[in-house]
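Data first, discussion second: the structure below is written as structure tokens.
Numbers here are sequence positions counted from 1. Because the structure is a prediction, the values reported are computed rather than measured.
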Amino acid sequence: MTGRVALPVVHRAMVASLATNIRQGGTSAQCWKYDLSQDRSLGGSVRIGQSQGSFLTHRSTNLLRPAAGTISVEQDDVNTYLPKGDMWSVHKFGGTCMGTPQRIQSVADIVLSDSSERKLVIVSAMSKVTDMMYNLVHKAQSRDDSYMIALEEVFEKHMAAAKDLLDGEDLASFLSQLHSDVSSLRAMLSAIYIAGHATESFSDFVVGHGELWSAQMLSYAIKKSGAPCSWMDTREVLVVKPSGPNQVDPDYLESEKRLQKWFSRQPAEIIVATGFIASTAENIPTTLKRDGSDFSAAIIGSLVRARQVTIWTDVDGVFSADPRKVSEAVILSTLSYQEAWEMSYFGANVLHPRTIIPVMKDNIPIVIRNMFNISAPGTMICRQPANDNGDLDACVKSFATIDNLALVNVEGTGMAGVPGTSSAIFSVVKDVGANVIMISQASSEHSICFAVPEKEVAAVSAALHVRFREALAAGRLSKVEVINGCSILAVVGLRMASTPGVSAMLFDALAKANINVRAIAQGCSEYNITVVLKQEDCVRALRAAHSRFFLSKTTLAVGIIGPGLIGGTLLNQLKDQAAVLKENMNIDLRVIGITGSSTMLLSDTGIDLTQWKELLRKEAEPADLANFVRHMSDNHVFPNKVLVDCTADTSVASHYYDWLKKGIHVITPNKKANSGPLDRYLKLRTLQRASYTHYFYEATVGAGLPIISTLRGLLETGDKILRIEGIFSGTLSYIFNNFEGTRTFSNVVAEAKEAGYTEPDPRDDLSGTDVARKVIILARESGLTLELSDIPVKSLVPEALASCSSADEFMQKLPSFDEDWAKQRSEAEAAGEVLRYVGVVDAVNQKGQVELRRYKRDHPFAQLSGSDNIIAFTTSRYKEQPLIVRGPGAGAEVTAGGVFCDMLRLASSLGAPS
């Protein structure tokens, strides 16, 4: 055995000396001298007067050593060789895993269940203890007397845990050590309190006790089962050297030597080691900084050439994206070292980037597993795994985001071709001490932009203005611009380098979610593509990109305007089909708002459609279309939003342009926008064509019939429209299909009204205006620039009845015109013809009309029944025999079905499987 570290007894004057030394910024090595003799009477402790208690009590710890010393290990011959290789399995358990006595026992059970020949277990302090220890130092140097109470809380926490976990001699031994350690801490904190300052070494010494205690408790818990186990204070083994602000690098050669010496003294099959803490080459205590326990595990795993390093956490593995932001994020089975590195850098909760370095050089896999769900296989981080399936989706592994950034743009013609400009810029940034997250520069060298944390951008901007004051004044630089409120979205995947189309897919997904990209960066390695965007768009962008690459559900946030006959039917159809769409088509339609003319119902995540009527009645608030649209626009939960206008309201239709500009898709059966003033229509269509925001209106002409899509298909494939002729009104189709034999016209109209085919006032149908609107929509789709007033319409409403004050009055007086209608029918029948009310688009002569016509009984228009519509397209290709579309053209079910179909078409265009 080696000699124990022993410190001479000192007096109260030493405390004052320590305080003076601390105030002067002296190191701990200047404060204390060590007696390396085997002074067992002191038990490896130093006392600061009788009232101060013992200091530095741990028997095997070398703390605050003089600069000239090395670790105190007797120069005995090393009798036990440190084995290396696959017989070692390294486990690391974080503070959450070690948070309670029950969890510590579970950790012991996991370690004992590992069949590896040798096991090295690295542990963090119990949950929250590290923060508590830092708080002790902060309170003491702030001269806050409550540090003593806080220290007592730390003591009580560990004493209670030990009493629950241990018993007998193990418990007595641990509590004795705990009492001794706390006495040491009391003395140290008292000295810090007097000095009003703590050096980093003193702080690290205090903070490191959490790991010492958790390691000891776990080793005792493992030994209870009869397994041989030793615990290691890694300050005796791990040697590190500062490499930058808040960062250290391990000295592998020296650490390996010390580990060999340590193992020669305690060659146990199970070793429990402290994470987070280490020593400098001068044996001064230090830490591996925040998240250092993972780093400890990786370093030790490298030192013993372990078969595997397992990091035990409270999640099932590494997610493809932050599950708090993307509910459909998936657990990744494998990641390459490079992918894990990139994800860590960009804020993903995987591992600290430093953790990967030690294992990567020795090709040691790291496995991330869930201690609370041992059945989950976790995520393995290793060399590039074999290609899963070669798919485009498989080349992208994950997405990560960083918020609260600012973009700094330095721009000017004087930058182009001038060597040293970039160097000068980033020298300024370095001097400020700011962290550059991302850099982007155009090949023209006209500008360079970079992202820094928002809290650092003011200092960066001020320093750049000072450094380039002359260049700005002379015009060589035009501006130093700061854009606040930015976030970074990083797409990570090792195989992106060899897979064409990844960038195109990413930017297509972002464009379709109406997200503007402010800056782009991609290294030649192509491990990641980084984009800068508005912070308010970040979650939406993340969801849109994740949905596109992982084929998670394409989610549409839906706002329904007008829950009347058509809107209500659509809501019921959505309710009935929602589960099928999720299961079979990966489409998730979430209705987050329903508004009528008087009340509206809003939800951030989705309305329960099984009781939408009841909710609208009980929980609705006064309707306000502006607030309704704001609710849709401000929702950042869903990347894609659509407003469905199921009204026939002109004022609602007038807002389509503004909604599309906000990035909200629009779907409607409302004909008012497309048949309204020509300039508004052209403006709307121009915006639609220029953006990725979609505007679908199939149901405006044929309800559920594919009229618009058929017309577009003909035009897009180069066909030329000559004539479109059809029966566009299901109501009027029903009336004239049934106006035969001896039936009167008024009787048929009354029957259609009773069956719900007509509007509440049948004159709205009989006037022909609705048909004229459909004709003008088709005319404009065909490229004609016509106004609604350009379409001559033959109204079926007798002129004498146009002024009737109500629909009832109209219906009462309509029979007086039955004789006129009977005469027209008789004349048609005598000629072997039927009456049909049709709309015509004459593309050749650039005009349209709506009128009552007669057709031979063998004509397709004469073969209709019920409320069927029929439309004939005469084109250059379909000149001899027109292309005919026929089917039901009226009724809430088919119209709502047409709107529903547009919603699915929108989902498909946003990336859902087709």
Side-chain angles (χ1 to χ4, degrees), residues 78-94 97-98 107-124 211 214-215 218-219 221-223 225-240 250-278 288 292-313 337 351 354-369 371 374 377-383:
V78 177
N79 298 319
T80 306
Y81 174 72
L82 173 66
K84 298 180 182 179
D86 287 353
M87 78 280 291
W88 285 103
S89 175
V90 176
H91 298 265
K92 180 266 174 178
F93 295 90
C97 299
M98 300 287 291
V107 168
D109 295 339
I110 290 173
V111 172
L112 291 167
S113 68
D114 183 354
S115 60
S116 300
E117 182 181 339
R118 294 183 178 276
K119 287 158 277 194
L120 241 164
V121 184
I122 287 79
V123 294
S124 298
E211 279 70 19
S214 63
L218 178 59
S219 67
I222 292 173
K223 279 193 277 191
S225 67
C229 178
S230 297
W231 79 275
M232 175 198 294
D233 180 350
T234 49
R235 289 180 292 193
E236 297 183 14
V237 172
L238 293 188
V239 179
V240 298
D251 183 336
Y252 288 101
L253 185 60
E254 181 62 26
S255 297
E256 192 168 2
K257 289 179 182 178
R258 294 193 181 195
L259 179 59
Q260 172 66 67
K261 292 177 181 178
W262 188 96
F263 188 81
S264 71
R265 292 179 280 132
Q266 301 186 62
E269 293 180 359
I270 302 176
I271 300 172
V272 178
T274 55
F276 182 56
I277 57 178
L288 302 181
S293 292
D294 288 351
F295 197 19
S296 299
I299 296 169
I300 292 175
S302 174
L303 292 178
V304 299
R305 309 297 189 270
R307 171 178 54 84
Q308 177 176 294
V309 175
T310 303
I311 308 290
W312 293 89
T313 67
Y337 294 123
L351 295 169
R354 294 178 303 163
T355 304
I356 299 165
I357 300 171
V359 294
M360 186 176 176
K361 66 186 182 68
D362 293 312
N363 195 24
I364 300 170
I366 297 180
V367 179
I368 312 295
R369 292 192 63 187
M371 174 183 155
I374 297 178
T379 300
M380 177 175 284
I381 301 171
C382 53
R383 288 206 187 277

Just to verify, what does Ala215 make a side-chain contact (heavy atoms from CB on, under 4.5 Å) with, not counting sequence neighbours? Val123, Trp231, Val272, Thr274

Side-chain heavy-atom pair Ile299, Ser255 within 4.5 angstrom cut-off: no

Holding to side chain to side chain donor-acceptor pair (under 3.5 Å), I want the full list of residues that pass it with Ser219, two or more places apart in sequence or in another chain. none

Measure the CE-CD1 distance between Met360 and Ile366 for me, rounded to the nearest 0.5 Å. 10.5 Å

Can you list the residues that meet the side chain to side chain donor-acceptor pair (under 3.5 Å) rule with Lys361, with sequence neighbours excluded? Ser302

With distance as the sole test, does Thr379 use its side chain to make a donor-acceptor pair with the main-chain N or O of Ile368 at under 3.5 Å? no

Heavy-atom pair of closest approach, residues Met380 and Val367: CE-CG2, 3.8 Å

Only counting residues at least two apart or in another chain, list the ones meeting side chain to side chain donor-acceptor pair (under 3.5 Å) with Thr313. none

Test side-chain contact (heavy atoms from CB on, under 4.5 Å) applied to Ile110 - qualifying residues, sequence neighbours left out: Phe93, Trp312, Met371, Ile374

So CZ of Arg383 and CG of Asn363: to nearest 0.5 Å the spacing works out to 4.0 Å

By salt bridge (Lys or Arg N to Asp or Glu O under 4.0 Å), which residues pair with Lys92, not counting sequence neighbours? Asp294

So CG of Leu120 and CG of Leu259: to nearest 0.5 Å the spacing works out to 7.5 Å

Compare all side-chain heavy atoms of Lys257 with those of Gln260 and state whether any distance is below 4.5 angstrom. no

Residue set satisfying side-chain contact (heavy atoms from CB on, under 4.5 Å) with Pro83, at least two apart, ordered chain then number -> Met87, Trp88, Arg118, Phe263

Taking the side chain as every heavy atom from C-beta outward, state whether Ile300 and Val309 have any atom pair closer than 4.5 Å. no

What's the shortest heavy-atom distance between Val237 and Met232, and which atoms? CG2-SD, 3.7 Å

Sequence neighbours excluded, which residues qualify as side chain to side chain donor-acceptor pair (under 3.5 Å) partners of Asp114? Ser89, His91, Ser116

Looking only at heavy atoms, the pair that brings Ala297 and Val90 closest together is O-CG1, 3.9 Å

Mind listing the closest non-hydrogen atom pair of Ser296 and Ile122 along with its distance? CB-CG2, 4.1 Å

Test your reading of the model: is there a side-chain donor-acceptor pair from Gln308 to the backbone of Pro365, 3.5 Å cut-off? no

Using modelled atom types only, decide if a donor and an acceptor are shared between the side chain of Thr234 and the backbone of Gly275 within a distance under 3.5 Å. no

Taking every heavy atom of Tyr337 against every heavy atom of Ile364, the minimum-distance pair comes out as OH-O, 2.7 Å

Please report the interatomic distance CG(Leu82) to OG(Ser264), rounded to the nearest 0.5 Å. 9.5 Å

Taking atom CZ of Arg307 and atom CD of Glu117, what is their separation to the nearest 0.5 Å? 11.0 Å

Nearest heavy-atom pair of Cys97 and Val107: which atoms, and what distance? O-CG2, 3.7 Å

